[in-house]
Each structure stands twice: as C-alpha cells, then as structure tokens.
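Every heavy atom of this structure was used, including side-chain atoms; hydrogens, water molecules and symmetry mates were not. One-based numbering, in listed order, for ligands and for the atoms of each.
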Amino acid sequence: MKFNSCFSKCFSLPSETAIIDIRKEEPEPGNDQNFTVFSYSELKVATHGFSASNKIGEGAFGSVYKGLLTNGSIVAVKMLSIELESMRGEREFVSEITTLTNLEHENLVTLVGCCVEGAKRFLVYNYMENNSLAQVLLGGEQNGIKLRWGARGRILLGVARGLAYLHEEVKPHIVHRDIKASNILLDQNLIPKVSDFGLSRILRDNASHISTHVAGTLGYLAPEYAISGRLTRKTDVYSFGVLLLEIISGQTVVNFDLEHGEHYLVQKAWDLYRANRLLQLVDPVLGMNYPEEDAVRYIKVGLLCVQETARFRPEMSTALKMLTNEIDIGVVQISQPGLVADLMNIKLGHKTTFRSHYTEASNMESTPSSLSSCS
Ligand SMILES: Nc1ncnc2c1ncn2[C@@H]1O[C@H](COP(=O)(O)OP(=O)(O)OP(=O)(O)O)[C@@H](O)[C@H]1O
C-alpha cells in the first residue's frame, strides 16, 4: 500500500464545523478495503475535540475516546502518548497497522484504521459496548452486569480461540505479551474481543509498552518473562491461565484486601488443588448455579497454563481442547505453578528499574539482553 496515495474529500458533518478536509488512504486494487487512514480533524470532530466526556479509558499507551464517525459507526480512538523516539516512523507505522487490520477473528477487536499527523499517532478500533472484562467481572455492582456461569465459560473459550489464532494461525505468529482482564473487551453480546495485540510492532526496537509498574499487570507475567525477559507463546499461555482463574473466581490476581494467605490467586488455586478443594475457588456470587465438573476442569486447565516450567504449559489450541473436554485433563499431571509472590515483594518498590527490564526487541519469541541491574 502506498502511503502517499492519499486524497482529500469534503464531507458535511453534524457539528459547528460544517465542512472539513478528510484524507483517506486510497486502497489499491486487491488491498484491504476496510483500512482507513483518518485525518486528525476527522477524529477531532468524531470525539468532540477529544473531550473529557468522550474519554472512556486510559492505558499505558495513552487515552481512549469514544467517537462517532460520519458514516455513523461508533469507534474507540486510542491517542498514543508515547515519545516519538520510541515509535516507528510514519510509513512503517502505517504499514504495521495495515498488517494488523488484516487479522480477522471473532475474538479479536477490529482495528479499523489509524491517523498520523506530525508527531501525533492514533489507532481507531470498533467500539465495544460492554467495556472491558476487568470492569464487568471485577468492577463490582456499578456495571449492572452479573456474569453467570455460561457467560464466563463463553468468555474464556473465546479468549482461548483468539489467542490460539494469534499463536498458531497468523504467520508469523504474534505473541500478545499483555493478556489481562482490561485487554479483553466485551461487545453487546458479551462476546470477548482480545485488544492491544501486535502493538509492540508500532514501537521501535527496544521500546516496550507493558505497564509492569501496575501490580495487577505484574501478576499476569510468566516467571521466566519477569525474571529473564524470555518471551514466547508460553508467556501468553501463563497470562491466559491467570485470566481464567480470575474469570472463575471473580478475584483479581493480586488482592491485598483479602485475608493473609489469599492475596495471590495462583497460590490460592494451587493450595486448593493440593487440598482437593478446588470448588472453593469458584466465585461465591454464582451460588450453586454452575456445573461442578466443568468448574474443576476449567480450574485445572488454568493451573496447567500457569505452571512454572514453560514447556509443561499447553499450547493454546491444546488448552482450548482441554477446556471443551476434547482432551481429557484428568490424565495430565499438574505440577508447581509459577508464583509471583516473591517477585512482587522484590520488585514493586523499584518501578522505574523494573519497567526498564521488560524491553523486547520484536514481537517474535526473544530473549532480551542483560538484566544485571535487576535487584
Ligand atoms: N475498542 C474499545 N471499545 C470500548 N472501550 C475501549 C476500547 N478500547 C479501550 N477501551 C477502554 O479504554 C480502557 C483503556 O484501554 P487501553 O487498552 O488503552 O488500556 P488498558 O488495557 O486498560 O491498560 P494497559 O494499557 O496498561 O494495558 C479499557 O480498559 C477500556 O475501558
């Protein structure tokens, strides 16, 4: 796709700015027709000037705004607040985004386009009506959504499918790196959509967006990734296992409000497994309204995914088959999970240093260089 093949158009807009110039990427024949390079003014109008009332979230990359495009579609506009030196150049940025928009799966958020205006960069996604799993599952009553067992099962299967697609069908495969409840968005039917996949591709080498200074995020990190920076698909499998345990238990991976001994969800699940009391992990709000056999199977898959030794964790497609009972988890041995407790104690006071340890060179499986200052 040629980035310089933009053209200007005039649209009438339902605001005080009646007519503005809009640059759009003209698709070449055979190219992806769904990809749009938006103009800054178009996004500005769509989000009411990036107003506070349109702001729907804030992440490590920057603020997210709800927007209404002139064609009537509702979008989420992510304003990237990353230093320019960490970001790829204009052409590379657009080319990486084009690649990402070609990834289509029911369980991935659709990236509809981007905007480059000087130093400013924006990503434009389909808007997800039910916000993130973090807010719905762990945000309490204010969301007005109570996730029943069936919905929880559909969500974790959907996330597993989305990840299996990124890991095993996309070529070259994509390691998400940041699987967590706030990166799972829910559409109007509570279908889960994995977001923020492939974002490291828009960064220059050695730049990282993973917000490891956030305790919750830290709890999702596989031990080998946290300690030595080794990034593989099994790193995502670990994070998926943590997410699964959160979905079943309704608890966050780390919660210091709970009683001593219950702070770390993975530790708690492991203790209950060894005591043969796995059902005690299930979210009490579900009462008795869940099939016990499925619950035990799901939790065992979660524990298998968070095993300390990466090679003992299943591939995502295998985990999926275990969840759906196509593969019998009963015969699989589960050993010691990777526990974050020690890591949390050591690292949380060292925000800046810690973050700098999580730099990765590419989206591919990698082992970054020295971590000698890690203490
Ligand atoms: N496509 C979308 N539709 C609806 N809401 C969205 C969409 N994308 C993001 N959001 C909202 O914006 C919030 C911030 O999203 P973002 O992906 O920037 O950060 P995060 O995942 O919460 O945190 P981090 O950047 O540390 O991973 C989300 O939690 C969600 O509430």
- [ ] With heavy atoms only and a cut-off of under 4.0 Å, state how Q135 meets ligand 1: side chain, backbone, both or neither.
- [x] side chain

Open item on the list: Heavy-atom distances under 4.0 Å decide this one: backbone, side chain, both or neither, for N126 against ligand 1?
Closed with: backbone

Report, as yes or no, whether the 6.0 Å neighbourhood of atom [atom1] on [X] holds more than 12 heavy atoms from other residues, nucleotides or ligands.
X	atom1	result
E326	CD	yes
Q188	CD	yes
K44	NZ	no
D328	CG	yes

I'd like to check which ligand 1 atoms, numbered from 1 as shown, lie under 4.0 Å from a non-hydrogen atom of [X].
X	result
N131	30 (C), 31 (O)
N183	17 (O), 21 (O), 27 (O)
E58	14 (C)
D196	17 (O), 21 (O)
Y127	3 (N), 4 (C)
D178	27 (O)
L185	1 (N), 2 (C), 7 (C), 8 (N)
K78	16 (P), 17 (O), 18 (O)

- [ ] Return each pair, listed once, that meets salt bridge (Lys or Arg N to Asp or Glu O under 4.0 Å) where at least one residue sits in residues 148-165; pairs must be two or more places apart or across chains.
- [x]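 Every salt bridge (Lys or Arg N to Asp or Glu O under 4.0 Å) pair that includes a residue of residues 148-165, provided the two are not neighbours, is R152-D283.
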
Task: Residue from R311, K234, R313 passing salt bridge (charged side-chain N to carboxylate O under 4.0 Å, His left out) with E224 - done: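 Testing E224 for a salt bridge (charged side-chain N to carboxylate O under 4.0 Å, His left out) against R311, K234, R313 leaves exactly one candidate, R313.
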
Task: Pick from M128, K55, K193, K66: the one approaching atom 4 (C) of ligand 1 most closely through a non-hydrogen atom - done: M128

TODO: Identify which of V75, I56, V64 has a heavy atom lying nearest to atom 15 (O) of ligand 1.
DONE: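 Looking at heavy atoms only, V64 sits closest to atom 15 (O) of ligand 1.
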
- [ ] Please list, chain by chain and in numerical order, all residues satisfying salt bridge (charged side-chain N to carboxylate O under 4.0 Å, His left out) with D271, sequence neighbours excluded.
- [x]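 R274.
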
Open item on the list: One pair to check against ring-ring contact (aromatic ring centres under 6.0 Å, His included): F122 and Y40. What are the steps and the verdict?
Closed with: CA-CA 9 Å; F122 302 84; Y40 177 66; 5.7 Å; yes

Open item on the list: Quick one about T309 and Q307 (side-chain donor to acceptor, distance below 3.5 Å, no hydrogens or angles considered), yes or no?
Closed with: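 The criterion, which ignores hydrogens and geometry beyond distance, is not satisfied for T309 and Q307.
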
TODO: Assess the pair W149 and Y298: is the distance between their ring centroids shorter than 6.0 Å?
DONE: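 Yes, the ring of W149 comes within the 6.0 Å limit of the ring of Y298, centre to centre.
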
TODO: Would you check whether A76 has a nitrogen or oxygen atom less than 3.5 angstrom from a nitrogen or oxygen atom of ligand 1?
DONE: no

Open item on the list: Considering both backbone and side-chain atoms of Y125, is one of its nitrogen or oxygen atoms within less than 3.5 Å of a nitrogen or oxygen in ligand 1?
Closed with: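 No; the residue has no nitrogen or oxygen that sits under 3.5 Å from a nitrogen or oxygen of the ligand.
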
Task: contact_flag K180 ligand 1 heavy-atom lt 4.0 Å - done: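 Yes, K180 has a heavy atom closer than 4.0 Å to ligand 1.
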
